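Worksheet: the structure to be examined is printed underneath.
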Amino acid sequence: MTLRAKLTGTGMCVPDNVVTNHDLAKLMDTSDEWIRQRSGIVERRHVVPPQRPSELAEVAAQRALESAGIDAGDLDLIILATLSAEADFPGTSFFLQDRLGLSETPCFDLRAQCSGFVYSLSVANAFVKSGQYRRVLVVGCEVHSTGLDFSDDGRDVTVLFGDGAGAVIVEANDDPDDAGEILEVRIHAEGSFADKLWVEAPGSGLHPRMTQEILDEKRHYPRMQGRFVFKHATRRMPEVLLQTLSAASLKLEDVDHFLFHQANLRINEYVATQLEIPPEKCPSNIERYGNCSAASIPMLLDENVREGRIEPGDLVAMASFGAGFSWTSAVLRWS
Ligand code: UT7
């Protein structure tokens, strides 16, 4: 019998601290109107000291475990996707493992930026289908706010990003009567555009990794060629979505919910229009949370499951685009 993997639980956590567009306009030369118009974002959440990424990840993970009806001790593996790790090393997943009260469960971080969650899902799916592990916790977790430039120089990037964590439990499904399944996942990358959206420092490619000059040149803050990223996102997301659906022998019309990475509402509207997807099939929460990178898709999934919009039997398609460049899609049956 071919082993199948399905999602059995979801959870999310965002910091309580709400930062509105108006709050940012007090710090830098921007406006609520510009941010809403270009991105759809109204507010986002930022951690307050001493809050750490693994705290958000822990709450999201506990909620996912609870909704799956299992304990942390039942987990065989933890994968945590992030581009904003708690420390240079070890990965955030190690801090999370400890917070969950586990001492030997294997864990690792996966770095594929805004595509990190679906990349991690593909790894979890492969582990479960191979029979090596039965229960995998996959977390997307980001604390962007501690690494953003809140001066005018950083306004193009800073207004877009927020902090948060989302988690799912991926489990083996041995029940032939249970349709729940991760049907297909596709992951892609194009490293020649690595410097179109990146944080260069501190990095081991620099000698040394951090200097006063690097700080003065602000090379430790994210840099993005926004229009270039936008153009590629609106090409790659429809492309990979169609590829994944075709691999699963499904059509766009079969899909009940399209969960797109929440980078920019305009990108997602553009993708939906291109593919003639009705807007009501494309939920969004970017207006409340901004771009939470690897956390954005699992956060959106959790909200839609808990609010009862995603129901057993529904077909869910995910798609992302992010730094790297990286882009992905997954299609799954909810049960
Ligand atoms: O997670 C995946 C990675 N990220 C993305 O997918 C983001 C992709 N890119 C985008 O979403 C859009 O390119 C942005 C929302 C980042 C920017 O929108 P845009 O329409 O492409 O604007 P732009 O970068 O071409 O800038 C237009 C103007 C510029 O001024 P001038 O040169 O026309 O005078 C910018 O300096 O807007 C200015 N600007 C701002 N103005 C007010 C840039 N950032 C801001 C700001 N507030 N925060």
Side-chain angles (χ1 to χ4, degrees), residues 19-44 81-84 111-119 140-145 147-164 166 187-191 193-199 218 221-240 259-272 274 284-287 289-300 318-329:
V19 177
T20 65
N21 293 346
H22 295 290
D23 293 331
L24 292 179
K26 289 179 200 146
L27 303 172
M28 64 188 83
D29 182 15
T30 190
S31 65
D32 177 53
E33 193 196 358
W34 191 97
I35 302 169
R36 275 181 202 240
Q37 226 171 52
R38 305 285 172 137
S39 70
I41 299 165
V42 178
E43 59 188 40
R44 73 288 291 142
T82 189
L83 65 74
S84 52
R111 296 180 55 175
Q113 302 68 248
C114 296
S115 295
F117 175 73
V118 179
Y119 261 77
C141 175
E142 306 288 0
V143 169
H144 288 301
S145 60
L148 297 172
D149 180 357
F150 287 92
S151 77
D152 291 352
D153 296 340
R155 66 177 184 170
D156 59 330
V157 173
T158 298
V159 300
L160 302 176
F161 289 95
D163 302 341
I187 57 174
H188 295 281
E190 191 165 19
F193 297 133
D195 65 355
K196 301 295 183 195
L197 172 51
W198 73 328
V199 179
K218 298 193 166 193
Y221 289 131
R223 288 183 188 186
M224 174 172 74
Q225 291 189 21
R227 296 220 155 185
F228 192 84
V229 177
F230 193 102
K231 211 178 78 188
H232 282 259
T234 50
R235 176 160 77 91
R236 293 305 197 178
M237 283 170 65
E239 191 181 277
V240 67
L259 303 186
F260 294 139
H261 169 49
Q262 303 287 291
N264 184 331
L265 189 61
R266 307 292 161 243
I267 293 178
N268 295 348
E269 286 172 347
Y270 195 94
V271 171
Q274 251 179 298
S284 105
N285 60 14
I286 191 171
E287 55 283 358
Y289 304 128
N291 180 351
C292 296
S293 295
S296 91
I297 291 179
M299 283 167 56
L300 190 63
M318 301 168 173
S320 72
F321 184 88
F325 288 158
S326 56
W327 62 101
T328 69
S329 177

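Since this is a predicted model, take the numbers as computed values, not measurements. Atoms within a ligand are numbered from 1 in the order they appear, just like the ligands themselves. Along the sequence shown, the residues carry numbers beginning at 1.
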Numbering as shown, the atoms of ligand 1 that approach [X] to under 4.0 Å (heavy-atom distance):
X: Leu197; answer: 3 (C)
X: His261; answer: 1 (O)
X: Phe230; answer: 8 (C), 9 (N), 10 (C), 11 (O)
X: Ala263; answer: 1 (O), 2 (C), 6 (O)
X: Cys114; answer: 1 (O), 2 (C)
X: Val229; answer: 3 (C), 4 (N), 5 (C), 6 (O), 8 (C)
X: Asn264; answer: 10 (C), 11 (O), 15 (C)

Taking the side chain as every heavy atom from C-beta outward, state whether Val240 and Thr328 have any atom pair closer than 4.5 Å. no
Select one of side chain, backbone, both or neither to describe which atoms of Ile35 lie under 4.0 Å from any atom of ligand 1, heavy atoms only. neither
Within a distance of under 4.0 Å, is there any protein heavy atom near [atom]?
atom: atom 45 (C) of ligand 1; value: yes
atom: atom 32 (O) of ligand 1; value: no
atom: atom 29 (C) of ligand 1; value: no

Which is closest to [atom] in terms of heavy atoms, [options]?
atom: atom 43 (C) of ligand 1; options: Trp34, Phe325, Phe228, Phe161; result: Trp34
atom: atom 6 (O) of ligand 1; options: Val159, Leu83, Ile267; result: Ile267
atom: atom 7 (C) of ligand 1; options: Gln262, Met224, Gln37, Arg38; result: Met224

What's the separation between atom [atom1] in [X] and atom [atom2] in [Y], rounded to the nearest 0.5 Å?
X: Phe260; Y: Leu265; atom1: CZ; atom2: CG; result: 11.5 Å
X: Phe161; Y: Ser84; atom1: CZ; atom2: OG; result: 10.0 Å
X: Arg155; Y: Trp34; atom1: CZ; atom2: CH2; result: 7.5 Å
X: Leu27; Y: Ser151; atom1: CG; atom2: OG; result: 10.0 Å
X: Lys196; Y: Phe228; atom1: NZ; atom2: CZ; result: 5.0 Å
X: Leu160; Y: Cys292; atom1: CG; atom2: SG; result: 11.5 Å

Applying the side chain to side chain contact (heavy atoms under 4.5 Å, CB included) criterion to Arg44, which one of Asp163, Thr158, Ile35 satisfies it? Ile35
Provide, to 0.1 Å, the distance between [atom] and the closest protein heavy atom, together with that atom's residue and name.
atom: atom 47 (N) of ligand 1; answer: Thr30 OG1, 2.7 Å
atom: atom 38 (C) of ligand 1; answer: Arg155 NH2, 3.5 Å
atom: atom 21 (O) of ligand 1; answer: Arg227 NE, 3.1 Å
atom: atom 2 (C) of ligand 1; answer: Phe321 O, 3.6 Å
atom: atom 1 (O) of ligand 1; answer: Asn291 ND2, 2.8 Å
atom: atom 8 (C) of ligand 1; answer: Gly226 O, 3.6 Å

Does ligand 1 come near enough to Ser39 that some N or O of the ligand is less than 3.5 Å from an N or O of the residue? no
What I want to know is whether Gly322 and ligand 1 share at least one N or O pair that is separated by under 3.5 angstrom. no
Taking atom OH of Tyr270 as the centre, report whether more than 12 heavy atoms of other residues, nucleotides or ligands fall under 6.0 Å from it. no
Would the distance check show the side chain of [X] and the main-chain N or O of [Y] forming a donor-acceptor pair, the cut-off being under 3.5 Å?
X: Ser320; Y: Trp327; answer: no
X: Asp32; Y: Val42; answer: no
X: Ser296; Y: Gln262; answer: yes
X: Asn21; Y: Glu33; answer: no

